[in-house]
A.B. asks: 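Sharing a structure below in structure tokens format, with a few things to ask.
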Amino acid sequence: LFQYCLSGHPTLPCNVLKFKSTTIMLDCGLDMTSTLNFLPLPLVQSPRLSKLPGWVLKDGSTFLDKELKECSGHVFVDSVPEFCLPETELLDLSTVDVILISNYHCMMALPYITEYTGFTGTVYATEPTVQIGRLLMEELVNSIERVPKAQSASMWKNKEVQRLLPAPLKDAVEVSMWRKCYTMPEVNAALSKIQLVGYSQKIELFGAVQVTPLSSGYALGSSNWIIQSHYEKVSYVSGSSLLTTHPQPMDQASLKNSDVLILTGLTQIPTANPDGMVGEFCSNLAMTVRNGGNVLVPCYPSGVIYDLLECLYQYIDSAGLSNVPFYFISPVANSSLEFSQIFAEWLCHNKQTKVYLPEPPFPHAELIQTNKLKHYPSIHGEFSNDFKQPCVVFTGHPSLRFGDVVHFMELWGKSSLNTVIFTEPDFSYLDALAPYQPLAMKCVYCPIDTRLNFIQVSKLLKEVQPLHVVCPEQYTQPPPTQSHRTDLMIDCQPPPMSYRRAEVLTLPYKRRYEKIEIMPELADSLVPLEIKPGISLATVSAVLHTKDNKHVLQLPPKPPQPTAGKKRKRVSDEVPECKPLKPLLSGSIPVDQFVQTLEKHGFSDVKVEDTAKGHIVLLQEAETLIQIEEDSTHIICDNDEPLRVKLRDLVLKFLQKF
Amino acid sequence: SASCTAAGAGQDVGRSCILVSIAGKNVMLDCGMHMGYNDDRRFPDFSYITQNGRLTDFLDCVIISHFHLDHCGALPYFSEMVGYDGPIYMTHPTKAICPILLEDYRKITVDKKGEINFFTSQMIKDCMKKVVAVHLHQTVQVDEELEIKAYYAGHVLGAAMFQIKVGCESVVYTGDYNMTPDRHLGAAWIDKCRPDLLITESTYATTIRDSKRCRERDFLKKVHETVERGGKVLIPVFALGRAQELCILLETFWERMNLKAPIYFSTGLTEKANHYYKLFITWTNQKIRKTFVQRNMFEFKHIKAFDRAFADNPGPMVVFATPGMLHAGQSLQIFKKWAGNEKNMVIMPGYCVQGTVGHKILSGQRKLEMEGRQILEVKMQVEYMSFSAHADAKGIMQLIRQAEPRNVLLVHGEAKKMEFLKQKIEQEFHVSCFMPANGETTTIFTNPSIPVDISLGLLKRETALGLLPDVKKPQLMHGTLMMKDNSFRLVSPEQALKELGLAEHQLRFTCRVHIQDPRKEHETVLRVYNHLKGQDYSVQHLPDGSITVESILIQATAHSEDQGTKVLLVSWTYQDEDLGSYLTALLKKGLPSSTS
């Protein structure tokens with residue numbers, strides 16, 4: 001059992017498991033923090049961004065000034081943003097048999113894997129994961145493709161050059177592996193390789209391994225996975241939540257009795273309480289709007305936004321915000337809002353009950369009906385006619401590098417009346433804001449990350465008791481900025497095995513058994529004997545068939561009748577065929593009874609002598625002796641085969657066979 | 001073994017209720033009512049389940065295949081009045097829609113017909129609390145041994161087929177299903193799960209229906225012609241199911257032809273019904289699911305809610321009214337109003353059970369006796385169009401091919417038609433096919449293979465042997481099956497002995513073989529060695545002057561009295577019995593005279 005670790009990002013994992021001759025990829029997250037090193041892509045030409053000075057080296061060389069721009073002391077690459085892919089060289093990815101997706105955030109690298117590596121396998125994911133994952137990819141492709149950028153910078157990636165750059169560019173890892181965004185045809189091709197699965201569905205892989213998705217409670221359709229054979233069980237926990245938000249609750253019970261539990265996707269903000277953050281979000285939003293300012297919420301088009309809208313639905317009337325327009329701008333805004341209403345089966349109990357009435361599970365349906373929430377594919381067209389300020393805008397991308405959010409940052413950044421509220425935890429908000437500095441607008445950081453925190457993890461591990469825990473190295477030490485917080489790491493016994501990018505782990509496990517099927521005809525022929533109370537034994541001599549990793553035992557075929565009159569020519573012809581093995585023997589021979597038996601069978605001259613360890617039974621006339629000891633019997637006889645066979649069978653009657 | 005008893009739907013359509021016993025587990029499949037009866041016969045005979053004792057103790061679970069009343073109409077009676085507290089499984093859409101139809105049924109029976117001793121609204125609610133909703137393809141563990149799994153069945157929103165599995169034994173119950181996708185639902189699908197028994201509906205056991213397109217064209221033509229000549233069209237339907245399919249059909253037709261005649265949908269259920277379709281859109285067909293964001297097929301522009309007063313309006317109109325078999329309610333009321341006019345038309349889009357008005361007019365009756373001995377003369381045109389989404393004979397055969405069952409059992413059909421299908425199935429698939437009447441029990445023998453745990457050491461030893469050149473030759477394996485409590489483990493004999501704390505008893509044989517050979521002992525040994533070597537087994541000449549053949553030991557000594565004779569001692573254990581005995585016999589024949 002091996003684990004190849006292809007991603008170093010703990011919440012955007014990509015691992016490959018070799019399990020019983022099956023190669024299984026667990027998630028393929030795309031690390032988008034690389035885009036923070038790039039300049040934002042404005043929808044309309046931004047005079048500010050285009051006037052940024054080129055970066056000049058300390059020695060005055062200017063050869064990089066076309067590629068790198070400086071803004072408030074930070075250096076950015078002026079090029080189409082690029083993403084950091086999972087490792088593709090650690091193993092031949094065309095050998096991957098299946099890819100298991102745990103949630104829509106962890107599948108963003110899928111087109112790179114399925115379309116560029118010779119992958120020919122199957123991808124498994126739940127229906128909401130696929131549908132919403134498609135929306136995320138569509139939004140990503142759309143927001144990058146609609147702002148064509150002539151320039152593609154590559155000089156700065158040269159190892160010699162990169163060494164000379166200021167941080168964080170200098171320390172960026174694997175820059176040669178960074179790739180531009182995929183295209184919609186590639187997205188469609190990748191998604192067509194997905195097979196839909198439901199929670200607790202048992203999926204057989206090649207007869208050797210069974211995989212099962214379980215509800216993980218984090219997002220619509222999000223799953224943890226059980227990978228097991230009859231005797232070993234690996235649990236893959238990725239992005240799980242114990243908070244009651246909109247998704248179905250996490251299934252913890254099915255994780256019990258794991259040999260190995262791979263733990264990824266914990267909260268990125270272990271010190272923040274999501275409920276408190278939502279409260280802060282609402283009050284900051286209300287305060288800004290009351291003061292006549294606008295609120296910008298950089299967000300993904302699905303996920304936490306549903307919960308935020310639900311909070312606002314309950315909050316706006318009491319906060320006197322009923323006349324403030326809420327805009328949700330994304331090429332997939334409409335689809336996301338519509339899709340959220342049709343996945344009743346994947347929702348928490350309360351929302352399911354609403355569907356039975358039948359009512360839409362999310363109250364944003366009502367916000368839309370009452371015109372309080374409006375959604376638009378982009379800032380162009382209809383939106384520009386309807387746009388009224390002050391207002392609240394939800395739009396992407398949370399990195400602030402592309403999407404309509406760039407426009408609003410440029411538009412509202414200069415006024416201190418406005419506020420940008422960060423709710424998505426994937427990007428450092430300071431890094432995200434860097435290319436917009438100096439900035440007058442207020443910035444509020446309310447990261448809402450509902451994934452497991454370390455207290456919940458420790459409770460979970462106590463509950464499900466895996467034999468071994470495997471996790472990214474980041475979880476085995478306190479966060480670098482809070483090195484005294486030893487409570488912000490995984491604490492379990494035995495200590496977790498940690499991994500980092502491009503590492504191969506050998507997972508501990510010891511397998512002692514395998515499943516085999518005994519065919520009914522064979523089962524009928526077995527003669528069980530009770531050896532000890534409650535324990536019965538039967539010796540089995542059978543034919544083993546192995547096909548598709550399944551083992552079956554059948555009744556051996558009847559030996560062919562020897563053809564009469566067949567002449568045997570060579571000695572080797574007479575070598576016995578592969579006959580059933582003789583069983584092991586156990587027990588001891590009571591001498592008195594044995595002698596009686598001999599006499600019954602016509603031996604009249606039996607003589608018994610005692611020895612140190614047992615007895616010798618002598619058949620005087622036949623010049624044969626039988627040494628009987630506690631654990632052995634030795635028949636020494638002359639040239640009389642029928643006699644030997646007869647004695648053998650008499651001895652065997654006293655012994656148990658195994 | 002598995003056994004199956006029909007408490008309802010045995011050689012009949014209506015009150016589906018089938019009991020299955022498999023490996024000691026008892027499951028009740030569906031709990032329906034019969035539309036043709038108003039007496040005791042409207043519900044299944046639950047005394048077949050157990051004569052004495054509580055149902056909860058006897059049944060491990062109840063499964064409902066879909067929301068049609070002939071499959072779930074007796075459920076509150078069963079759980080709340082007869083008494084059952086165990087789990088009831090159904091899909092999410094069924095769980096959502098079932099209580100609404102039950103309440104509707106209750107209202108018609110109690111409020112309109114004034115029956116007493118019927119289940120109450122509260123009983124429906126209490127009954128639904130016992131329901132556990134299942135996902136498609138989810139493996140639901142009812143208890144440690146019993147698991148069930150739902151497959152998509154088409155037919156109506158949320159309809160499912162169920163696999164019931166205990167160990168290696170399994171039964172599949174189809175409920176009602178449809179093997180061809182229609183305008184709003186997809187086709188039923190099951191994998192090659194090879195159940196011991198497949199219990200399939202057989203409503204259309206002898207029908208091979210023409211293409212759906214033709215039927216649709218025919219339907220539209222008839223509706224159009226009637227409306228054109230100013231007639232009224234009545235389409236009795238059940239609120240959920242065929243209704244939505246036909247609405248989609250008429251809606252698109254009206255749009256395309258730019259027709260103005262009003263289309264109405266009776267009962268307050270409709271809007272609600274369409275809402276269910278919108279919220280459970282993942283259960284509809286591919287096309288609707290794909291386009292629902294742009295255009296939701298269940299938002300109708302041309303179809304309006306019906307008011308009772310509209311029935312007397314002059315001019316043409318199309319009305320969908322419930323229930324579908326004209327046995328009660330609004331459809332029957334409108335039918336009575338319109339029956340006398342030959343310009344009008346009633347289109348029956350589904351199956352009608354015996355005893356209903358629908359069944360009577362379809363079998364040609366034109367004078368109907370109504371309540372109060374009134375005779376209703378039917379002058380309006382009566383058309384039958386099979387839109388009910390059941391598999392036809394071809395579809396049933398297709399499903400059997402997909403699932404590869406070892407036995408087939410037919411329910412939910414008419415005896416005569418079943419007989420025909422039964423012969424066809426037995427001929428084509430060479431499996432036994434049964435068609436029990438109500439109350440009759442069918443038992444099949446499943447004879448499952450037994451799964452045991454084999455120690456990896458033993459398996460590896462055997463598979464390693466299997467890798468020898470002659471792989472095709474079946475390899476014999478020898479092991480000891482240990483049975484303790486309910487666990488079965490196959491281990492090597494050595495391990496079995498060790499685990500039981502028993503010592504091995506060694507049985508050894510030594511035979512003396514006399515050979516005429518005047519030479520020295522070691523030369524005799526050499527001759528023996530040369531004689532034996534070169535065979536398939538390994539022969540070794542040891543420094544101490546002895547020879548081993550595999551683990552058989554051969555030593556030579558001089559005869560104490562006769563120097564010309566050497567005595568070969570051949571010694572082997574019981575495990576080498578065959579080779580030892582063979583070698584002794586071989587040596588007894590003497591050594592070849594020529595030595596090199």
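What you are looking at is a predicted structure, and each value in this text was computed from that prediction instead of being measured. A, B, ... follow the sequence lines: proteins, then strands. Residue 1 opens every chain.
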A.B. asks: Need one label for B:Ala133: side chain, backbone, both or neither, based on atoms under 4.5 Å from any heavy atom in chain A.
C.D. replies: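 Side chain only.
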A.B. asks: Take B:His92 and B:Trp283, measure what ring pair (Phe, Tyr, Trp, His ring centres under 6.0 Å) needs, and give me the verdict at the end.
C.D. replies: CA-CA 10 Å; B:His92 282 270; B:Trp283 285 80; 8.3 Å; no
A.B. asks: Could you tell me which of A:Ile635, A:Ile626, A:Leu652, A:Thr212 has the largest number of non-hydrogen atom pairs under 4.5 Å with chain B?
C.D. replies: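 Heavy-atom pair counts peak at A:Ile635.
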A.B. asks: Locate the shortest heavy-atom distance separating B:Val293 from A:Asn334; write the atom from each residue and the value.
C.D. replies: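 B:Val293 and A:Asn334 have their closest heavy atoms at CG1-ND2, 3.6 Å.
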A.B. asks: In terms of heavy-atom pairs under 4.5 Å with chain A, which of B:Ser581, B:Cys168, B:Pro93, B:Ala496 leads?
C.D. replies: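 The answer is B:Ser581.
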A.B. asks: Taking B:Leu490, B:Asp485, B:Leu456, B:Leu502 one by one, which has the highest count of heavy-atom pairs under 4.5 Å against chain A?
C.D. replies: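 Greatest number of close heavy-atom pairs with chain A: B:Leu456.
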A.B. asks: Can you tell me which portion of B:Val140 sits under 4.5 Å from chain A's heavy atoms? Options are side chain, backbone, both or neither.
C.D. replies: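 Nothing of B:Val140, per the 4.5 Å heavy-atom cut-off to chain A.
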A.B. asks: Do you know which of B:Arg489, B:Lys278, B:Lys149, B:Gln141 has the most heavy-atom pairs under 4.5 Å to chain A?
C.D. replies: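 Among the listed options, the one with the most contacts to chain A is B:Arg489.
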A.B. asks: What residue in B:Ile450, B:Val513, B:Thr480 has the most heavy-atom pairs under 4.5 Å with chain A?
C.D. replies: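 Greatest number of close heavy-atom pairs with chain A: B:Ile450.
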A.B. asks: Please assess B:Tyr152 against B:Trp189 for the test ring pair (Phe, Tyr, Trp, His ring centres under 6.0 Å), listing each intermediate value before the final yes or no.
C.D. replies: CA-CA 6 Å; B:Tyr152 191 79; B:Trp189 178 86; over 10 Å; no
A.B. asks: Please look at B:Asp576 and chain A and tell me whether the side chain, the backbone, both or neither of the residue comes under 4.5 angstrom of a heavy atom of that chain.
C.D. replies: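 No part of B:Asp576 comes within 4.5 Å of chain A.
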A.B. asks: Under the 6.0 Å and 45° cation-pi test, does B:Arg508 pair with B:Tyr574?
C.D. replies: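 Verdict for B:Tyr574: no cation-pi partner in B:Arg508.
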A.B. asks: Of all the heavy-atom pairs spanning A:Val355 and B:Tyr276, show the shortest one and how long it is.
C.D. replies: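 Closest pair (atom of A:Val355, atom of B:Tyr276, distance): O-CE2, 3.6 Å.
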A.B. asks: Please classify the contact between B:Phe280 and chain A as side chain, backbone, both or neither, with a heavy-atom cut-off of under 4.5 Å.
C.D. replies: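 Side chain of B:Phe280 only, per the 4.5 Å heavy-atom cut-off to chain A.
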A.B. asks: When you measure from the side chain of B:His505 to the backbone N and O of A:Gly587, does any donor-acceptor pair fall under 3.5 Å?
C.D. replies: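 Pair found, side chain donor or acceptor close to backbone of A:Gly587.
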A.B. asks: Is a donor on one side and an acceptor on the other found under 3.5 Å between the side chain of B:Gln286 and the backbone of B:Gly186?
C.D. replies: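 Flag not set: sc B:Gln286 to bb B:Gly186 has no pair under 3.5 Å.
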